[in-house]
Amino acid sequence: MKIVVAIIKPHKLDEVKAALEAFGVQGLTVSEASGYGRQRGHTEVYRGAEYTVDLVPKVRVEVLVDDADAADVVEVIVKSAQTGRIGDGKVWTVPVDDVVRVRTGEHGVDAL
Amino acid sequence: MKIVVAIIKPHKLDEVKAALEAFGVQGLTVSEASGYGRQRGHTEVYRGAEYTVDLVPKVRVEVLVDDADAADVVEVIVKSAQTGRIGDGKVWTVPVDDVVRVRTGEHGVDAL
Amino acid sequence: MKIVVAIIKPHKLDEVKAALEAFGVQGLTVSEASGYGRQRGHTEVYRGAEYTVDLVPKVRVEVLVDDADAADVVEVIVKSAQTGRIGDGKVWTVPVDDVVRVRTGEHGVDAL
Amino acid sequence: MVSTVAFLSFAAKPDTGDTAWVLASAALVLLMTPGLAFFYGGMVRGKNVLNMLMMNFITMGLVGVLWVIVGYTLAFGDGGALVGDLNHWKLNNTSGLSGTIPVLAFVMFQAMFAIITPALFTGSIADRIKFGPFLAIITVWSLLVYSPIAHWVWSPNGWLFKLGAEDFAGGTVVHANAGAAGLALAIVLGKRKGWPREPMRPHNLPFVLLGAGLLWFGWFGFNAGSALGAGRTAALAFTTTSTATSAAMLGWVLVEKIRDGHPTTLGAASGAVAGLVAITPACAFVTPFGSIFLGLLAGGVCALATGLKFRFGYDDALDVVGVHLVGGVLGALLIGFLGSKKAGGANGLLYGGGFTQLGKQAAAVGASVVYSFVATLVIALIVKAIFKGLRVSEEVEVEGLDINLHAETAYETLTGGSVRASVSAAAPKADAEVSA
Amino acid sequence: MVSTVAFLSFAAKPDTGDTAWVLASAALVLLMTPGLAFFYGGMVRGKNVLNMLMMNFITMGLVGVLWVIVGYTLAFGDGGALVGDLNHWKLNNTSGLSGTIPVLAFVMFQAMFAIITPALFTGSIADRIKFGPFLAIITVWSLLVYSPIAHWVWSPNGWLFKLGAEDFAGGTVVHANAGAAGLALAIVLGKRKGWPREPMRPHNLPFVLLGAGLLWFGWFGFNAGSALGAGRTAALAFTTTSTATSAAMLGWVLVEKIRDGHPTTLGAASGAVAGLVAITPACAFVTPFGSIFLGLLAGGVCALATGLKFRFGYDDALDVVGVHLVGGVLGALLIGFLGSKKAGGANGLLYGGGFTQLGKQAAAVGASVVYSFVATLVIALIVKAIFKGLRVSEEVEVEGLDINLHAETAYETLTGGSVRASVSAAAPKADAEVSA
Amino acid sequence: MVSTVAFLSFAAKPDTGDTAWVLASAALVLLMTPGLAFFYGGMVRGKNVLNMLMMNFITMGLVGVLWVIVGYTLAFGDGGALVGDLNHWKLNNTSGLSGTIPVLAFVMFQAMFAIITPALFTGSIADRIKFGPFLAIITVWSLLVYSPIAHWVWSPNGWLFKLGAEDFAGGTVVHANAGAAGLALAIVLGKRKGWPREPMRPHNLPFVLLGAGLLWFGWFGFNAGSALGAGRTAALAFTTTSTATSAAMLGWVLVEKIRDGHPTTLGAASGAVAGLVAITPACAFVTPFGSIFLGLLAGGVCALATGLKFRFGYDDALDVVGVHLVGGVLGALLIGFLGSKKAGGANGLLYGGGFTQLGKQAAAVGASVVYSFVATLVIALIVKAIFKGLRVSEEVEVEGLDINLHAETAYETLTGGSVRASVSAAAPKADAEVSA
Ligand SMILES: Nc1ncnc2c1ncn2[C@@H]1O[C@H](COP(=O)(O)OP(=O)(O)O)[C@@H](O)[C@H]1O
Ligand SMILES: Nc1ncnc2c1ncn2[C@@H]1O[C@H](COP(=O)(O)OP(=O)(O)O)[C@@H](O)[C@H]1O
Ligand SMILES: Nc1ncnc2c1ncn2[C@@H]1O[C@H](COP(=O)(O)OP(=O)(O)O)[C@@H](O)[C@H]1O
């Protein structure tokens, strides 16, 4: 089992979700995040005092997948999240020892 | 060392926390998340325009544990988070190379 | 490849970010979290009813790094996040199979 | 409210100053219901805030219409000792003057009282009532409980008016009444799932303070407007309202500081409201200096009274009993102590008036509270039987009333396109509807 | 607004009651624009809320100044049938009385109308207009569209006034006018990226309800203040305003319940506003009972009318057309049906008055809407040409107008030092500026 | 405020129109303090918003009581040139008329001024003061600084009144005074940890705009109510208030556009407040056209003045100095330039009046500012000594004042049962308390 983690631009979430669904992924978990990287942030001004905000809003997507699907899922995400502009994000894969479905107690691939 | 990650229903957090404490876990980290899966979302209507919201509020719990405890901690979480209804969530285990306690710089099991 | 995950005190984020930048890290991802541990929470009172809030605001930092840099990055974070008081947080390292940069599709170290 | 003799003089011209003040006051009292909506809305959990706002706003709709059709005439139609007749239904025969102001100005000023009274008890039923039964209860309650009690106390024909009970701006008619009804409803509805074990913290305290600010502002219309003119009485009512409110805030916060260790913003807001409630019946009958004591006492007593629900085990979610029932009764009774002829009322016990006025006050507020409690209980049980239950299901209670009853979410997260905003818009039915 | 004969009597003393009411009303109407800002601001996405608030507040600044310099005299200067002359520019010759009140009280009361009218159409252009062109449009529009139409309808010399068309408080001048302009601007601007496919949910519904509450409160000044005095007419206008608004809320929510299955808070707020819009022209011409029907109808019709944009494909973001154009026209026409001599207007169709008044109403509202639509279209196209486009870039639209146009973020997250707050303060330019 | 001769005529009847306007104005000014609470509350960080709201609300409680007991008589009791006597303590001898209105109406109108003045300087001490010392400072300050200065300027016996200095509604008494006190307190308190290096962005800008909207609305009572009647002077004050505020918003935003590149909502709100401050002393002494210049200047100058704190290194957190001290002084002095006999004041420099009035203005505002600054400094240092420090500990400052001083959190996250809501309710002490 693997967990694929993706940091993407917020407005790309719907497309990524749709692409993963089309691929056959049955579930995923999403959370809000902020990213720092090549993409520059923006400047805010309050009563003349300037602040540089260097964190950019991002969305974090986690997908548990069978080992065999990992590479494909990564590719599906990369394709659907791509705009070609700086700040599109990263996708990485981490090994998972085991997965359990809370509702049933099923383990492994059955838990997905 | 392992890190056990659980996606659970928000109102189950207190029970899970209590169960883990009872088991002997000394710390954990929690964050808000949204889940997509078998559990359907809900529909909202604004001035007649209908929106299907397919992400459901979830809570993400992370617990660093010694290798030996991993399986037990998973079971404690599964038991305390279970309602038996769709959407109860997932628990998975990921290998961890090392842990450090920021305050002291201690490594490994001492850092928990 | 490794991913270094750090749970730190919110007001230490700027220092950690600066230290990592100085070290040469080019990007990172941040999200809000709440921690439970030795550090006690606080008490709130609403119309005489007392509530004990045992979760403390924390920030979660994730940094993807080359295997060689992992230990150094951990140390940089520990040093810059340390106040010496309970609740300073944890830093851990997890193995990563692969990283892709969404914008270009580059893999591995090139993706950082 | 001074006597509301609907003396109709069609030819006479209204006093423009008095009319201006009563119209302004009516607008101020109207604003109190949105104020209340935020006072309460900030106190519930985020998943139920829209339901709380909705209950308050829909009361403005429902009672606003009911009042002009039949509520007004039941309250202020001549009738007998118990209820008004139908002489003014649909606002018939209201083109003349009432005292120095147009009757319609009086009708509207009173309309806002009729609206806010049932709105007050939405605080006790928070977080768990179905919307249909709520509407049914409000409708029946407004006609069978509010209008009669208003008639008893404020109509020259009402039996409590004739008794000589004093209720300048509605301590009995509005607050004690709403408080008693809130208690009855909380008992019939039962406790919220998890109460009092689980935490139910206010989700937005700034909203609570916004609501308190709007309530305080509007209450000047409520109390000083009840003089039905802009003269010395209005100025006195304005003064005691301000002073008692300030003092009650200090009283409540002081209790907190001593008991809990911290002065809280929720306490400051609650104390202000408690003071406003308690001075309401008394505002033109006590001196400014007397109103300081009244306020301090009201703040302190209500702060302690919010603990009653834990002791007796009824889930009065936002303390309608602790603030409105206790505060309203307290204010009504304190007239019997602090009332002063110099101010405009009968002398109370402390001003050498003996027990006479205190007795009248106790009789009036007692009768009103008992009637309100019993009648509300009966209404609630009948509505419960008709609707097969008053409460939402357990799942709905856990998941939140907003998405389930109103198909809405109060707050969208900032990062527009993300997380919660991840929705797919269906072809809006609105479209289909219109094209059909 | 009753006839605004600027009868100047320098020696006479104003009626203090009438003056008090008109000044209070002017303040109430001023508050409506912040109310509107929150009504609209809560409905847009979180990344654009500041831009929406800013458009409304800056209109208070811009039109507030324009009005006293030249807007007032173009609207209420004697002039001819089409526009006022410059006799009152810079508020010259305004030290006397207008009826029983100081001319300046009338000028200020009217100023608030001039401010809120263009503010109303910020709802249709939400989420996509550049700030410079917006300022240009507002400026020109206020002088070339608002002032003339106000003159037509409310000046004794205006051609629609002479025709005998009735518009007590601005159903035509304010609402139908703003609605038609909003439609024209929505068409020129084009659809928001992603509309109507992508979800654009209100980011803060409590703000929408706060705005609705403030609007309702302020609208009593708008409508009852238009009596320009505190007497029977004001009391009647106050009453019908209250009743129609309550009824319209019920009407809108009923349509939702039947069509969508749920009564919503957005619907309750929208219904109230629809009722306020529709009763505006009619408030002193119909009976309280008549106003219930007017309100119910307005609520129901406007609820359905918000679907028109999906059918016809114009992106009127926050339904300025569905609420203000449709509601304003409806109210204007309903005077032709429900108008009643007893109330103060000409008898309408249902009161035996035949088609005469209906015809006048149709002519007046028709002419105003057509002029407003066409003139706004022309103004928008010219401004577009001058500014090389009215819209922000696609990136700005996606990222949000707040950080891009105003260099600000609406909400900071709670955990102070973290995430969004992670900024490094540069040496503030303010400093440099001052030391220079 | 025109001369406040407390001419007591017990038999005479008040003018209802004047009384209606002053009561309405008093209510409007009361609302300004909650408005201010949100204006400031939105500007601080989320961890301190409740403390900011609390400081403002508790001032309504504390000064509201103090004023009727002794504050009023110190300000408006006959007394001498420096302070009033105790003739009216506990509001003794206030049952007659003051001019055409009940004395109590005047007392209440003034009460709201006494409340908001110390509330204004909560902006400079934000984020770091302990609650006990804050209460002590407010109490002493109200009696030793506010009441005397009000006496100097507004009592017919006051030395600045006799000098002929003009301050219609409190530019000197309220704004310059509060600004000077704010500066003194900011200096005694010292800088917030991290200031000005660390970012301290407003946590909720919509709240700032809500506050600005409520302030603007209430300020019509503040300024036009100071005419103490509803006639030409009130109408003029209303007009110049509106115009100057609009113009000042434009002035501030223009400076931002030129200096920083973007017009901001914080700037628009701040500009409006700056305009309101500056027109306050002058509102019945300048022409509407003159008020445009006054407003533009005030907006622009205050926008630049907010940079002073960075230059001189005092941490006036929310710019009480930049807006209220600078704006108040500016407005007072501009009377010496723009004052016009036609409007109602003495002719200023630009209207051929020479330097006379300017000199008086400078003397009055100068004396008040110096006294306020020095007296506040002394009070703050004494309170500091008594309470062993004015500031919260560093940990409290980092963690936030809300949870530490008030045991509350402003906002609960949406997902009810989760994260922050993860608390375990202890047996409420309230219960124990009651059962005891
Ligand atoms: N080393 C890293 N570790 C973790 N997250 C990273 C890292 N580098 C970048 N990211 C995440 O990826 C996002 C995009 O990275 P950025 O450098 O801005 O653009 P790009 O990936 O297109 O070169 C960042 O906002 C951040 O959330
Ligand atoms: N493949 C997956 N990867 C990551 N998270 C998942 C995955 N599948 C489900 N989840 C998470 O688990 C939650 C519950 O899953 P769901 O399919 O709704 O119910 P159940 O687990 O009871 O079958 C989801 O809301 C989501 O947060
Ligand atoms: N076993 C654990 N698993 C995951 N996170 C933990 C664990 N223990 C502690 N944490 C995180 O580390 C933070 C600090 O831990 P705490 O025990 O309070 O202090 P310290 O690390 O200084 O001993 C906690 O708030 C929590 O977020």
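Computation of the quantities below employed the complete heavy-atom set of this structure, encompassing side-chain atoms and omitting hydrogens, waters and symmetry-equivalent molecules. In what follows, chains carry the letters A, B, and so on, assigned in the order in which the sequence lines appear, proteins first and then strands, with residues in each chain numbered from 1. The shown structure was predicted, so the numbers you read here are calculated from the model rather than taken from an experiment.
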F:Thr264 versus chain A, the contacting section by heavy-atom distance below 4.5 Å: side chain
Heavy-atom pair of closest approach, residues F:Arg259 and A:Arg47: NH2-C, 4.0 Å
Heavy-atom contacts under 4.5 Å, residues 37-45 of chain A to chain F: A:Glu44, A:Val45
Test log, rule side chain to side chain contact (heavy atoms under 4.5 Å, CB included), inputs F:Asp260 and A:Tyr46: CA-CA 10 Å; F:Asp260 313 322; A:Tyr46 297 99; over 6 Å; no
